[in-house]
Amino acid sequence: MKLLVTGGAGFIGSNFIRMYLERHADCEIVNLDKLTYAGNLENLRSVEDDPRYRFVRGDICDRKSVDDVMPGIDTVVNFAAETHVDRSIGDPEGFLKTDIFGVHVLLESARANAVGRFVQISTDEVYGPAMGEPLREDAPLNPRNPYAASKAGGEYLARSYFLTYDFPVIVTRGANSVGPNQFPEKVIPLFTTNAIEDKPLPLYGSGEQERDYMHVLDHCTGLDVIIEKGEPGEIYNVGAGNHMKNIEMAKLILKELRKPEELIVHVQDREGHDFRYAMDSTKLEGLGWKPLYNTRDAILDAVRWYVGNPGWWKPLKSGEYREYYEKMYRQRLDEAGASG
Ligand code: NAD
Ligand code: DAU
């Protein structure tokens with residue numbers, strides 16, 4: 001099987017590539033990645049000399065780059081996206097480009113090359129807040145921030161290729177993943193690395209919000225099962241079904257690192273902050289998938305990885321990102337002071 005993995009230098013994509021090469025001796029993977037601030041070839045050092053793996057730098061919005069790598073591909077797995085909700089609130093345009101237009105370019109090229117399977121990686125954020133029973137795949141969508149709306153646009157477009165052209169598209173909706181190699185703007189690596197450096201943990205609003213923090217390897221094994229056994233035209237939720245409030249998550253990280261709870265600072269809430277996500281993943285479990293980690297173990301496994309790999313995250317927290325983060329942090333702190 002020859003896979004085109006897009007966005008493979010990011011968090012989930014790189015974990016997926018490493019896992020897939022390990023599990024499938026006879027596969028070949030081409031990784032097409034633009035290397036935005038979130039893409040990092042360090043994540044793939046361990047496989048860069050593997051003859052079954054090839055990296056190509058390119059943008060999924062650029063038809064030529066995509067057409068160059070598409071011939072001979074059996075399965076496309078599209079991870080490439082702008083992914084950080086706060087950035088989408090500040091500057092949505094890049095999200096619309098990559099998360100919608102980029103999907104269009106990939107679909108056109110894949111269809112022209114008669115690709116056998118197209119897996120569009122989407123997110124539980126497209127459902128919007130789930131305050132009651134866990135949502136199944138047929139629940140209505142209610143995306144509430146520009147990132148979620150762009151991802152919903154991308155998956156609607158992908159599904160339209162199945163419905164209109166009978167093109168074999170599968171959509172997956174993953175829960176909030178945690179683990180090695182996640183860019184330290186996302187909450188678990190941000191809180192962990194801030195705590196290690198005795199810096200404040202900026203908790204949005206009350207901190208009562210809940211997420212289904214799922215280990216990235218569980219997300220990746222779910223995708224592996226879907227690639228093998230999923231039905232074209234179908235949507236699959238990938239969630240471990242565990243939940244934790246953000247305030248509990250912050251305290252768990254501090255306890256593990258033996259740091260004081262006083263490091264938690266309540267700052268201005270995220271605009272339109274979705275309170276809770278909850279998905280029912282029975283459909284995927286029916287294909288034989290089972291998550292291995294509960295939320296607590298997933299978070300602790302991630303925390304230990306960041307403790308053991310300062311050489312990976314320290315450079316990412318300096319320079320351009322540091323400026324962006326410190327400005328945002330000060331603004332949220334000021335706004336919280338002004339409103340409280
Ligand atoms: P990430 O931000 O860590 O990585 C994104 C990768 O895509 C980077 O390597 C980046 O360089 C690349 N990229 C961005 N724009 C590109 C473009 N135009 N062309 C080619 N490459 C481009 O993201 P992640 O957290 O690993 O998420 C991967 C996918 O999974 C995304 O589609 C995201 O929406 C989805 N998802 C993420 C989560 C999560 O918790 N992180 C949960 C569910 C679904
Ligand atoms: O649920 C899947 C989604 O999970 C993915 O589609 C997104 O790509 C991914 O970024 C993630 O989105 P979230 O918004 O849930 O993740 P984030 O790490 O940004 O925030 C998690 C929770 O923590 C959320 O309730 C907001 C809160 N938070 C976040 C940051 C960055 C804080 O309290 N403080 C922070 O500094």
Side-chain angles (χ1 to χ4, degrees), residues 5-16 31-41 43-44 56-62 65-66 77-89 94-95 97-99 101-103 105-106 120-127 143 145 147-148 150-151 154-155 172-179 181-191 194 200-214 216 219-220 222-223 237-239 244-247 249-250 264-270 273-279 325 328-329 332:
V5 173
T6 59
F11 164 49
I12 306 178
S14 60
N15 275 281
F16 174 82
N31 172 16
L32 179 72
D33 195 302
K34 184 180 172 183
L35 296 184
T36 67
Y37 75 97
N40 186 350
L41 291 178
N43 302 348
L44 294 156
V56 178
R57 186 168 191 178
D59 186 338
I60 61 163
C61 300
D62 175 38
S65 300
V66 171
V77 190
N78 179 29
F79 291 97
E82 290 294 336
T83 61
H84 192 44
V85 173
D86 295 323
R87 288 183 190 250
S88 83
I89 293 168
F95 287 74
K97 279 189 188 143
T98 294
D99 301 9
F101 184 73
V103 179
V105 173
L106 280 174
Q120 171 62 15
I121 308 296
S122 192
T123 166
D124 60 3
E125 297 224 2
V126 297
Y127 292 117
N145 58 62
Y147 162 68
S150 306
K151 290 298 292 185
E155 68 162 78
T172 70
R173 296 186 182 138
N176 197 308
S177 305
V178 305
N181 304 113
Q182 188 171 30
F183 193 86
E185 65 188 345
K186 306 285 165 56
V187 76
I188 303 280
L190 175 70
F191 281 13
N194 278 12
L201 276 51
L203 192 65
Y204 292 171
S206 64
E208 292 294 309
Q209 302 83 5
E210 285 180 27
R211 291 290 183 271
D212 174 2
Y213 291 109
M214 168 173 76
V216 65
H219 194 162
C220 292
L223 298 178
N237 289 341
V238 189
M244 193 177 278
K245 290 182 193 297
N246 288 336
I247 180 83
M249 168 270 289
I264 297 174
V265 175
H266 288 266
V267 297
Q268 184 66 17
D269 207 350
R270 172 181 281 172
H273 196 170
D274 286 344
F275 196 80
R276 177 176 190 262
Y277 300 127
M279 289 188 299
Y325 169 74
M328 192 182 69
Y329 173 65
R332 286 195 184 280

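Every number for a ligand or one of its atoms is a count from 1 in the order of the listing. Positions are given from 1, in the same order as the sequence printed here. Note that the structure is a prediction, hence the values are computed from the model and not measured.
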Which atom of V103 lies closest to which atom of I60, heavy atoms considered: N-CD1, 4.3 Å
Under 3.5 Å donor-acceptor, S65 side chain and G58 backbone: no
Closest non-hydrogen atom pair, L35 against D33: N-OD1, 2.6 Å
N-O pairing of K34 and D59 below 4.0 Å: yes
Side chain N78, main chain Q120, donor-acceptor under 3.5 Å: no
Ligand 2 atoms in contact with T123 (distance to a heavy atom under 4.0 Å): 2 (C), 3 (C), 5 (C), 6 (O)
Where ligand 2 meets R211 - atom numbers and elements under 4.0 angstrom, heavy-atom basis: 15 (O), 24 (C), 25 (O)
Polar proximity ligand 2 side, N176 side, N/O cut 3.5 Å exclusive: yes
Least distance between heavy atoms, L190 atom then P202 atom: CD2-CG, 4.2 Å
Which residues share a side chain to side chain donor-acceptor pair (under 3.5 Å) with N145, sequence neighbours left out: E125
Nitrogen or oxygen of E125 less than 3.5 angstrom from that of ligand 2: yes
Part of V267 within contact of ligand 2 (heavy atoms, under 4.0 Å): neither
Per-atom contacts, ligand 2 versus V85 - under 4.0 Å to a heavy atom: 14 (O)
G239 backbone acceptor or donor facing D212 side chain under 3.5 Å: no
Min heavy-atom dist M249 to ligand 2 below 4.0 Å: no
Closest protein heavy atom to atom 27 (C) of ligand 2, given as residue, atom name and distance to 0.1 Å: N246 ND2, 3.5 Å
Under 4.0 Å to a heavy atom of K186 - the qualifying atoms of ligand 2, by number: 10 (O), 18 (O)
Atoms in ligand 2 flagged as close to E185, the criterion being non-hydrogen separation under 4.0 Å: 31 (C)
Location of contacts on V187 toward ligand 2, heavy atoms closer than 4.0 Å: both
Taking every non-hydrogen atom, the tightest pair across P189 and P184: CB-CA, 3.8 Å
Contact check, Y329 vs ligand 2, heavy-atom distance below 4.0 Å: no
Criterion side chain to side chain contact (heavy atoms under 4.5 Å, CB included) on I121 and L223, from CA distance to verdict: CA-CA 9 Å; I121 308 296; L223 298 178; 3.8 Å; yes
Minimum-distance protein heavy atom relative to atom 2 (C) of ligand 2: D124 OD1, 3.1 Å
Within-cut-off N or O pair, Y204 and ligand 2, under 3.5 Å: yes
For residues 80-87, which side-chain donor-acceptor pairs fall under 3.5 Å, sequence neighbours excluded?
from	atom 1	to	atom 2	distance (Å)
T83	OG1	K186	NZ	2.9
H84	NE2	D86	OD2	3.4
D86	OD1	R270	NE	2.7
D86	OD1	R270	NH2	3.4
D86	OD2	Y204	OH	2.7
D86	OD2	R270	NH2	3.2
R87	NE	Y37	OH	3.2
R87	NE	E185	OE1	2.6
R87	NH2	E185	OE1	3.1

Min heavy-atom dist Y213 to ligand 2 below 4.0 Å: yes
Closest non-hydrogen atom pair between R173 and M279, with its separation: O-CE, 3.2 Å
N43: partners by side-chain contact (heavy atoms from CB on, under 4.5 Å), with sequence neighbours left out: S14, R18, N40, N181, W312
Heavy-atom nearest neighbour of atom 19 (O) of ligand 2 within options E210, R270, H273: R270
Shortest non-hydrogen separation from E155 to S122 and the atoms involved: OE1-OG, 2.6 Å
Short side-chain donor-acceptor distance under 3.5 Å, Y127 and N237: yes
Atoms in ligand 2 with a heavy atom of P202 nearer than 4.0 Å: 32 (C), 33 (O), 34 (N), 35 (C), 36 (O)
Close-contact set for ligand 2 against L203 heavy atoms, below 4.0 Å: 33 (O)
Location of contacts on T83 toward ligand 2, heavy atoms closer than 4.0 Å: both
Worked verdict on Y277 versus N176 for side chain to side chain contact (heavy atoms under 4.5 Å, CB included): CA-CA 9 Å; Y277 300 127; N176 197 308; 5.7 Å; no
Under 4.0 Å from ligand 1, counting heavy atoms only: the protein residues, by chain and number: G7, A9, G10, F11, I12, D33, K34, L35, T36, A38, G39, G58, D59, I60, F79, A80, A81, T83, T98, I121, S122, T123, Y147, K151, G174, A175, N176, S177, H219
Proximal atoms of ligand 2 relative to Y147 (non-hydrogen, under 4.0 Å): 5 (C), 6 (O), 7 (C), 8 (O)
